[in-house]
Amino acid sequence: MTPQQEKEIIANIQSINTKLFAFGYQKLTVTGGTAQSLTVPTGSLYAKIRVESATTTGIIMRYLMLGTSTPPTTTDGMALVYLDLLDITNGDDVANFRVIAVSGSHTLHIQYYKK
């Protein structure tokens, strides 16, 4: 990625963030077994997600934003570790977010935004 492309991406994210306001919150306990979805408030266009856990090392959860057709598993998906922060900047991706714990029980704190 060129420095110019990086600047353009940052500018786009800042533009999105300045036009949105927080209006919903969810605390989700994530366990293994079945991928879990978010309870997304109507009108959500953006979500900020913080990962918390008593486990502070290694991969603790996995996620995908492909809906129910391709859920994450304990061995396949995008890795999440302790204190990761996700910015999901598309309403469809927020709605299609699925997450599963690799082992144990962990927490996601989700703040929802809309225009």
Measuring from atom [atom1] of [X] to atom [atom2] of [Y], what distance do you get when rounded to the nearest 0.5 angstrom?
X: Ser44; Y: Asn90; atom1: OG; atom2: CG; result: 12.0 Å
X: Lys115; Y: Leu45; atom1: NZ; atom2: CG; result: 6.5 Å
X: Leu80; Y: Arg50; atom1: CG; atom2: CZ; result: 11.5 Å
X: Ile110; Y: Leu28; atom1: CD1; atom2: CG; result: 5.0 Å
X: Asp84; Y: Ile60; atom1: CG; atom2: CD1; result: 8.0 Å

Side-chain hydrophobic cluster, 4.5 Å single linkage: members besides Leu83: Tyr82
Got [X] and [Y] here, is their nearest side-chain heavy-atom distance under 4.5 Å?
X: Ile100; Y: Thr73; result: no
X: Leu38; Y: Ile49; result: yes
X: Leu64; Y: Thr70; result: yes

Joint hydrophobic cluster, Phe21 plus Ile88, side-chain heavy atoms closer than 4.5 Å: yes
Tyr46 and Tyr113 aromatic ring geometry - parallel, tilted or perpendicular at 30°/60° bounds: perpendicular
Residue pairs fulfilling side chain to side chain donor-acceptor pair (under 3.5 Å) with at least one residue in residues 92-105, sequence neighbours excluded: none
Side chain to side chain donor-acceptor pair (under 3.5 Å) pairs, two or more places apart, involving residues 26-36: Gln26-Tyr112
Nearest atoms (heavy-atom pairs only) where [X] meets [Y]:
X: Gly43; Y: Phe23; answer: C-CZ, 4.3 Å
X: Val40; Y: Ala95; answer: CG2-CA, 4.2 Å
X: Met61; Y: Thr107; answer: CE-O, 4.2 Å
X: Thr74; Y: Val102; answer: O-CG2, 3.7 Å

Pair Met78-Arg62, side-chain contact (heavy atoms from CB on, under 4.5 Å): steps then yes or no: CA-CA 5 Å; Met78 305 300 290; Arg62 293 189 179 273; over 6 Å; no
Those residues that, when tested against Gln111, pass side chain to side chain donor-acceptor pair (under 3.5 Å) (two or more places apart): none
Counterpart residues, side chain to side chain donor-acceptor pair (under 3.5 Å), relative to Ser53 (two or more places apart): His106
Passing candidate, side-chain contact (heavy atoms from CB on, under 4.5 Å) with Val51, options Val30, Leu108, Val99, Leu86: Leu108
Ser69 (side chain) donor-acceptor with Leu66 (main chain) under 3.5 angstrom: yes
Residues in ring-ring contact (aromatic ring centres under 6.0 Å, His included) contact with Phe97, at least two apart in sequence or another chain: Tyr63
